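To start, the structure itself, in structure tokens.
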Amino acid sequence: MAMVDEPLYPIAVLIDELKNDDIQLRLNSIRRLSTIARALGEERTRKELIPFLSENSDDDDEVLLAMAEELGVFIPFVGGIEYAHVLLPPLESLCTVEETCVREKAVDSLCKIGSQMRETDLVDSFVPLVKRLAAGEWFAARVSACGIFHVAYQGCTDVLKTELRSTYSLLCQDDMPMVRRAAASNLGKFATTVESTYLIAEIMTMFDDLTKDDQDSVRLLAVEGCAALGKLLEPQDCVARILPVIVNFSQDKSWRVRYMVANQLYELCEAVGPDCTKTDLVPAYVRLLRDNEAEVRIAAAGKVTKFCRLLNPELAIQHILPCVKELSSDSSQHVRSALASVIMGMAPILGKDSTIEHLLPIFLSLLKDEFPDVRLNIISKLDQVNQVIGIDLLSQSLLPAIVELAEDRHWRVRLAIIEYVPLLASQLGIGFFDDKLGALCMQWLQDKVYSIREAAANNLKRLAEEFGPEWAMQHLVPQVLDMVNNPHYLHRMMVLRAISLMAPVMGSEITCSKFLPVVVEASKDRVPNIKFNVAKLLQSLIPIVDQSVVDKTIRQCLVDLSEDPDVDVRYFANQALNSIDGTTAAQS
Amino acid sequence: MWKQIISKLPKKSSSKNHSSSTSKTSDNGAGKSGNSHAKNAPAVKPAADSGFRDGNSKGNGPYEALPSFKDVPNAEKQSLCLRKLNLCSLAFDFSDPTKNVKEKEIKRQTLLDLVDYVASPNGKFSETVIQEAVKMVSVNIFRTLNPQPRENKVIDALDLEEEEPSMDPAWPHLQLVYEILLRLIASPETDTKLAKKYIDQSFVSRLLDLFDSEDPRERDCLKTVLHRIYGKFMVHRPFIRKSINNIFYRFVFETEKHNGIAEFLEILGSIINGFALPLKDEHKVFLVRALIPLHKPKCLQMYHQQLSYCITQFVEKDCKLADTVIRGLLKSWPVTNSSKEVMFLNELEEVLEATQPPEFQRCMVPLFRQVARCLNSLHFQVAERALFLWNNDHIENLIMQNRKVILPIIFPALERNTQKHWNQAVHSLTLNVQKIFNDVDADLFKECLGKFREDESKEAEIGAKREATWKRLEDIGNQKQKSSL
């Protein structure tokens, strides 16, 4: 370690590394900025490292991105909160670069730092930074500015607050749509920090301007602000100022705007209260559910449950349900699919009678939909309906459809059904299971799709857990073991898979008496894949059965396999043998 | 505007029309009522739908063909033209080909008449004609573009280029309407001063929105129309340039999705071609802030040819810009996308072709670091394309004049290629390039070879030293922290 005596200049190391041609090395060094800082100590970090970084904003975007991120957590390395302001200059210059990711990260970091700064520092250095960025010549700076107003505003003096508000209002009217979009998307955040007296007077004026923008991309973002602003306002103000806007937007000529409204509408209901919801928002929502544009209907359909949750059941039945019926046979499969993914949630809202009367027919028609995603979405939420209408009705009306789906030609649908079977079994009880689903469970083991066979094996294990070893001994094990004579080796292999999963549940005795003979027999199969799977399976059985069985049966079988002509069989047999020796060694 | 049109049609027909039309008509001007009445899914309610159709055919009785222009005396032609324009100011729903078949044909014939009328010399167009024509065009072409069907969206992200363009079913009418607009603008009979009252900023800005259309035929028409507007209406020029810039910014920095970038660039190409020298600062800013960043999006392939043309135009006009352009390319050089990299190399060659020694010298160090990486690319097309730079006499000259700087940068890459590049063509092309250097300056070549061998032998040592240095820095940091506690 002769090098130890050489003097080491941390900054020089960094400068050197950042000159390297290999971007990965430059990235690595930026990621280790904190190491440099700690080696330098707080004071020299402030006086040397940070100024150096401020001037080094000409690197690749990826390096700059890493730098923006590191600086966000750098306060401890410059000496704590009271020195936080020294971190602002490098981040300020990162806020003005071309690449969006870098700017966004720099804004994030500025927010992190600003929110920890002392109020005096905020006024002295953070607010001027906001003002500089907001007056930036290039849009990048002004876009970044929009994202940090809310941090600056909180700890400011009244005079500065007035100034910040008027600056923000200028950004909302900026010449460039880029900037107006940024202002629109940050308005909600800014508004949460503004005092309520100015909310109506100033923020809402900005909001009104943005909602009238001629670019639909700006209006779009203004919609997003509606809900956030609505929650800040007093209900009567919300009704007066936000409601007309949202009702207007729900009829905007751009479908993208209507789409946004469809996504946001339910959040507004809380803000305006039940009366206005009933008179204004329900009609607006119904319009959206019947929009011309499939995209809008998709968004609206996806919110149907959330929206109904805010209404009383009568209103939902009277106004929303007819639309839901229409949507369940919509011409767009994506609309139906969106509806199917949420419609089950309506059952608890409507209550038992209405569910049976109105929803059940819709469920059934969606279950028979020609598009697999639709069917899938229904199946995966069946338990919610079960809770409302009870198991008897469910099994009468829905089960036939489910059984039909168990043989669906899309394997993902079959998979969904299989995964749902243990739940179904636990709810339906043993009796029902024996009649209808038992046969299916065995059929799946021989499916032509591997994922289904695998899931079927897993399903057997879960059923055994649910109903106990005794039941499984009667209803599952004989059928499974029968398959070991199947002419197709893949199906024989599934028997081994099923055994490996079920053995831990069934316990040592059944494993020894029922499974082990079958496995030993399988070790004489003509297909090597079966044989090395036997070896793997035997290895997994070792911890389950008694040592005597291991010594007597398993070891012998493995020794035979370890002399097999096939290299893979020998390999796995030896592995298993080693693990026997390992456990014996550990025990002795 | 809609009220006027509708008032000339029988009440019944207009309301029926609304309720049976789909988004196209309803989004147009009748936005509100359209959205609230018009129902999707004719499939859901076949009975109601056929009911509407019956109503339509009855109600649309008066939608009848007007006499041909040649059948009326000259004095009446203008008023006939106005009536025809009015007749065409109704957009039909083309999503259902069985709907309004007769009316659609009447409108198509009328549009054809209008195309001829606008093209033939009749004396100056009156203000009313221009106003009504622009109105008719607006009703027909300004509509919300339909979103892509969902199915495409996933694939879309994978390969934008191979997707089938979607064709607008309303094209038989749209095409003629665009034709009328184009002829109206191009016609010497159109008084620009009068026309600019109607072809105003709002009109232009809605025209620009349409460039996102999926239909390539429509974008092609739009391109010609916008180019003519740019040529004829001087007042709109700054606005058009600014708006296109804004579309580019949004595309590059926000959405990376727009169908009309190539068409915009084609127009800009010819605008740039006409820039007077010396270039105004405004135009240089445009190059740096809008054109160069357009290299970033991953769908560059869709408009690279046009972009490359614009960029080389700039460099050819003012060779001092070469350095800026090359640095710009380097900044957004693709890391993993080989086909994009080949495009960059193509463009680079074109730019270098127009580059003079002073600018070349200013950017050659970072440039040849990148070239060195390309030379070693495992994708043979990239490596090959980089090696082809030496086939260009002008570029070879630039390189050879500066070989003392360039060879040391690229030597390791060349040597690694000859030692172990998998591709035979790359291998032999590399040998060729090495030979060029060796022939011109054998001493330098030998020197670089020596340095390469030395560096190679030290590589592991340098790596170990770097790790050790960082380790020591960490130790120092830990010590400092301990002592301060």
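To find a chain, count down the sequence lines: A is the first, B the second, and so on, and within it residues start at 1. This is a predicted model, so every value here is computed, not measured.
- Looking only at side-chain heavy atoms (C-beta outward), Glu17(A) and Thr469(B) stay at 4.5 Å or farther from each other.
- Contact annotation for Val365(B): neither backbone nor side-chain heavy atoms come within less than 4.5 Å of a heavy atom of chain A.
- Taking CD1 of Ile36(A) as the start and CH2 of Trp470(B) as the end, the distance is 4.0 Å to the nearest 0.5 Å.
- Using a 4.5 Å cut-off between heavy atoms, Ser34(A) makes no contact with chain B at all.
- Put simply, the side chain of Ile23(A) does not reach to within 4.5 Å of the side chain of Arg373(B), judged on heavy atoms.
- In this structure, the side chains of Arg181(A) and Arg250(B) come closer than 4.5 Å at one or more pairs of heavy atoms.
- With contacts defined as side-chain heavy-atom distances shorter than 4.5 Å, the pair Gln215(A)/Asn246(B) does not qualify.
- Residues Ile292(B) and Glu98(A) have side chains not in contact (no heavy-atom distance under 4.5 Å, counting atoms from C-beta outward).
- For Leu40(A), the part lying near chain B is the backbone, with the side chain staying farther off; criterion is any non-hydrogen pair under 4.5 Å.
- More than 12 heavy atoms of other residues, nucleotides or ligands lie within 6.0 Å of CD in Glu282(B), so this atom counts as buried by the packing criterion.
- Within a 6.0 Å radius of CD in Glu62(A), no more than 12 heavy atoms belonging to other residues, nucleotides or ligands are found.
- Annotation for Arg412(A): atom CZ does not count as buried by contact number, only 12 or fewer foreign heavy atoms lying within 6.0 Å.
- One finds the CD atom of Glu99(A) at 4.0 Å from the NZ atom of Lys296(B) (value rounded to the nearest 0.5 Å).
- In this structure, chain B has a heavy atom under 4.5 Å from the backbone of Asp59(A), while its side chain stays farther away.
- Put simply, the side chain of Phe253(B) reaches to within 4.5 Å of the side chain of Arg103(A), judged on heavy atoms.
- Residues Glu254(B) and Thr100(A) fail the side-chain proximity criterion, which asks for heavy atoms closer than 4.5 Å.
- The residue among Leu473(B), Ile476(B), Thr255(B) with the most heavy atom pairs within less than 4.5 Å of chain A is Leu473(B).
- Residue-environment remark: CG (Asp58(A)) stays at or below the threshold of 12 foreign heavy atoms within 6.0 Å.
- Note on Ser217(A), Ala37(A), Gly41(A), Cys101(A): by heavy-atom pairs under 4.5 Å with chain B, the leading option is Ser217(A).
- Note: Tyr249(B) and Phe139(A) have tilted aromatic rings, judged against thresholds of 30 and 60 degrees for the angle between ring planes.
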